[in-house]
Amino acid sequence: MARQEIRHSNFLSYIMDPGRPHEMGDLILRTFFQLLCDKSGDRGAQLKLAQNGTSLAPARVYRERDHIDLLIEIPRSGTKGIVIAVELKVDAVERNDQLVDYEEKVALRYPATDWERLFCFLTPDGRAATTDGETKWAALSFTSFFASIDKALAENTIAGKSLELLRDYQSMMRRHGMADGPIDKTLKAAIESIWAEHREVLEYLIAHEPDPLNDLMHDFANAQPQIAHDMSAALGLSIVADSSWGARWYRFTFPEFGKTYPALSDGDRGWIDSGSQMAVELCADTQEDAITVCFCIGPGHGEQIFRPKLIEAFNEIGQYRHKPFTKSVKHYWRQNLLTTDSLSDAENGLEKLQSELVQYVERHLPKVKAALIRAQDAHGKADDPAAQSI
């Protein structure tokens, strides 16, 4: 669990949610909130809650809302509510403009007239974020968070299995060097003894750890052309298997769109074989422990008039704020199709993945068509009546 971000997010969302049955009430959330206010220098929100004696019991903790690891809503205290966006990183680095994108999504969903907004970048070492935008994301470490929790628990009488689970979580993090603090010496000695006695067996088990998502993506690679054919039949639109990158990224493109909007095919062929500037992309995300999907706009090649118009159209329809003139790949409507947990419930993982993929494309295709038409109109070449019929 120690290296998988999605596991941390799931556990932290549980213990910070006052509505979950862990018998700690709002203690962990309040502790986190106070630490964040101190770290960010934003004492206003904290003082407002203290003055009003506001309970955090009605707070709601969301996982992966707008793809943000944790999104915490604290109800109105006076004139405004408080929303906290938390991005958690263990080993992974931030993707291009990641935190900028999250800030923009939070701003759209939680206008400043009604909400005070706080942003937290939580990592093992408390490193600073590199992709924040107008707002500085407060950098917190697990060490400081755990120290605050320990202090709060010492001042309150808390007991039960959830507290034991929390202590086990803290011990695991400290044992793996992801947080400083006291280590259980008895447990450490037991671990050292087991490794000394069974090193070969343990190393073999680690080397051959099951990886169902990687196995599924291997099957998917072999079946990609057939899956494209089946998707075409299901959606009534030509879809082809395009380039892949290693065993992690797989892309599908739409030849009919390329014929109707010729500038769409003027993309970077180093990014995708067909040269299409738009694709559906599947990715095996090891940090999320999931297979994700999104529509994306890749780098252009040659004339760069159509691509900015296409990005602007996608931004407007999808409520994104990607910069039109940067060369980076733009991702839209990213979501997890399958996780390791959901895959364990499937009789046939490949069939389930294909079904989820078809539903995803079908759901977003009307927005994609509308964006292409807008981009074509803005590009000044909307003279092909077929553009309205696809």
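Every value quoted in this text rests on a predicted model; they were computed, and no experiment measured them. For reference, positions follow the sequence shown, starting with 1.
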Pair Leu357-Leu353, side-chain contact (heavy atoms from CB on, under 4.5 Å): steps then yes or no: CA-CA 6 Å; Leu357 178 59; Leu353 179 59; 5.5 Å; no
Is there a side-chain contact (heavy atoms from CB on, under 4.5 Å) between Thr253 and Met278? Walk through the geometry before answering. CA-CA 7 Å; Thr253 47; Met278 184 197 72; over 6 Å; no
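- Salt-bridge formation is not detected for the pair Lys80/Glu116: no Lys NZ or Arg NE/NH1/NH2 atom is positioned less than 4.0 Å from an Asp or Glu carboxylate oxygen.
- Residues His8 and Met173 are in side-chain contact: their nearest non-hydrogen atoms beyond the backbone lie under 4.5 Å apart.
- Grouping Ile, Leu, Val, Met, Phe, Trp and Tyr by side-chain contacts under 4.5 Å, direct or through others, puts Leu71 with Tyr62, Ile68, Val83, Leu99, Tyr102, Val106, Tyr110, Trp115, Phe119, Phe121, Trp137.
- Classification of Arg109 and Asp66 as a salt-bridged pair holds, one side-chain N sitting under 4.0 Å from a carboxylate O.
- For His322, the ring pair (Phe, Tyr, Trp, His ring centres under 6.0 Å) partners at least two apart in sequence or on another chain are Tyr320, Tyr332.
- Leu237 is connected to Trp333 through a chain of hydrophobic side-chain contacts under 4.5 Å among Ile, Leu, Val, Met, Phe, Trp and Tyr, so both are in one cluster.
- Val240 and Val293 are not part of a single hydrophobic cluster, where members link through side-chain heavy atoms under 4.5 Å apart.
- To the nearest 0.5 Å, atom OG of residue Ser243 and atom CD of residue Glu281 are 8.5 Å apart.
- Grouping the Ile, Leu, Val, Met, Phe, Trp and Tyr side chains by contacts below 4.5 angstrom, directly or via other members, places Leu108 apart from Val100.
- Inter-residue side-chain proximity for Ile72 and Phe33 is flagged as unmet; no heavy-atom pair is nearer than 4.5 Å.
- The neighbour count for Gln335 CD, taken as heavy atoms of other residues, nucleotides or ligands under 6.0 Å away, is above 12.
- Contact annotation: the side chain of Asp101 approaches that of Glu104 to within less than 4.5 Å [non-hydrogen atoms, C-beta and beyond].
- Annotation: side chain of Leu118 is in contact with side chain of Cys37 (closest heavy-atom distance under 4.5 Å).
- Taking 4.5 Å as the limit, some side-chain heavy atom of Tyr169 sits within range of a side-chain heavy atom of Phe142.
- Two residues are said to be in side-chain contact when any heavy atoms from C-beta on lie closer than 4.5 Å; Ile227 and Tyr250 fail this criterion.
- At least one donor-acceptor pair under 3.5 Å links the side chain of Ser148 to the backbone N or O of Ser144.
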Checking side chain to side chain donor-acceptor pair (under 3.5 Å) for the pair Gln359/Ser355: CA distance, chi angles, key distance, verdict? CA-CA 6 Å; Gln359 293 178 47; Ser355 174; 3.2 Å; yes
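- Closest non-hydrogen pair, Arg174 versus Asp150, comes out as NH2-OD2, 3.1 Å.
- Residues passing the ring pair (Phe, Tyr, Trp, His ring centres under 6.0 Å) test with Tyr360, sequence neighbours excluded: Phe295, His364.
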What do the steps show when you test Tyr14 against Val61 for side-chain contact (heavy atoms from CB on, under 4.5 Å), and what is the final call? CA-CA 8 Å; Tyr14 173 77; Val61 182; over 6 Å; no
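- Other cluster members for Val329: Trp271, Ile272, joined by side-chain heavy-atom distances under 4.5 Å among Ile, Leu, Val, Met, Phe, Trp and Tyr.
- Using modelled atom types and a 3.5 Å distance limit, the side chains of Asn336 and Thr292 yield no donor-acceptor pair.
- Two residues are said to be in side-chain contact when any heavy atoms from C-beta on lie closer than 4.5 Å; His218 and Asn222 meet this criterion.
- Side chains of Leu153 and Arg167 form a contact here, defined as non-hydrogen atoms less than 4.5 Å apart.
- Of all heavy-atom pairs spanning Arg307 and Gly298, the tightest one is NE-O, 2.7 Å.
- Ion pairing between a basic and an acidic side chain is recognised when a charged N comes within 4.0 Å of a carboxylate O; Arg7 and Asp69 show no such pairing.
- One finds the CG atom of Asp17 at 12.5 Å from the CD1 atom of Ile28 (value rounded to the nearest 0.5 Å).
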Show your working on side-chain contact (heavy atoms from CB on, under 4.5 Å) between Lys352 and Leu338 and close with a plain yes or no. CA-CA 8 Å; Lys352 183 174 179 60; Leu338 284 180; 3.4 Å; yes
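- Looking at Asp97 and Thr131, their side chains never bring a donor and an acceptor atom within 3.5 Å of each other.
- Salt bridge status for Arg321 with Glu103: absent, with no side-chain N to carboxylate O gap under 4.0 Å.
- Of all the heavy atoms in Gly275 and Arg269, the pair that sits closest is N-NH1, 3.6 Å.
- The distance from atom CD of Gln354 to atom CE of Met231, rounded to the nearest 0.5 Å, is 8.0 Å.
- Transitive grouping of hydrophobic side chains (ILVMFWY, heavy atoms separated by less than 4.5 Å) keeps Leu205 and Ile191 in distinct clusters.
- To the nearest 0.5 Å, atoms OG (Ser232) and CD (Glu256) are separated by 8.5 Å.
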Walk me through whether Gln226 and Asp230 qualify under side chain to side chain donor-acceptor pair (under 3.5 Å). CA-CA 6 Å; Gln226 182 61 46; Asp230 294 344; 2.9 Å; yes
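- Under the rule for a side chain to side chain contact (heavy atoms under 4.5 Å, CB included), Pro262 has no partner lying at least two apart in sequence or in another chain.
- Interatomic distance, CD of Glu94 versus NZ of Lys89, reported as 6.5 Å (0.5 Å rounding).
- In terms of heavy-atom proximity, Arg117 sits nearest to Pro111 at NH1-C, 3.5 Å.
- No side-chain donor-acceptor contact under 3.5 Å links Gln277 to the backbone of Ile297.
- Heavy-atom minimum distance, Ala313 versus Ala375: CB-N, 4.1 Å.
- In this structure Asn348 satisfies the side chain to side chain contact (heavy atoms under 4.5 Å, CB included) test together with Leu350, Glu351, sequence neighbours excluded.
- Within 6.0 Å of the CZ atom in Arg95, the count of heavy atoms belonging to other residues, nucleotides or ligands exceeds 12.
- Enclosure of atom NZ in Lys309 is not indicated, since only 12 or fewer non-hydrogen atoms of other residues, nucleotides or ligands lie within 6.0 angstrom.
- Side-chain atoms of Gln224 come within 3.5 Å of backbone atoms of Arg251 as a donor-acceptor pair (strictly under, hydrogens ignored).
- For the atom pair NE2 (His229) and OG (Ser238), the distance works out to 10.0 Å, reported to the nearest 0.5 Å.
- Annotation: Glu155, atom CD; neighbour count of heavy atoms from other residues, nucleotides and ligands within 6.0 Å is above 12.
- Between Val90 and Leu88 the shortest heavy-atom distance is CG2-CD2, 3.8 Å.
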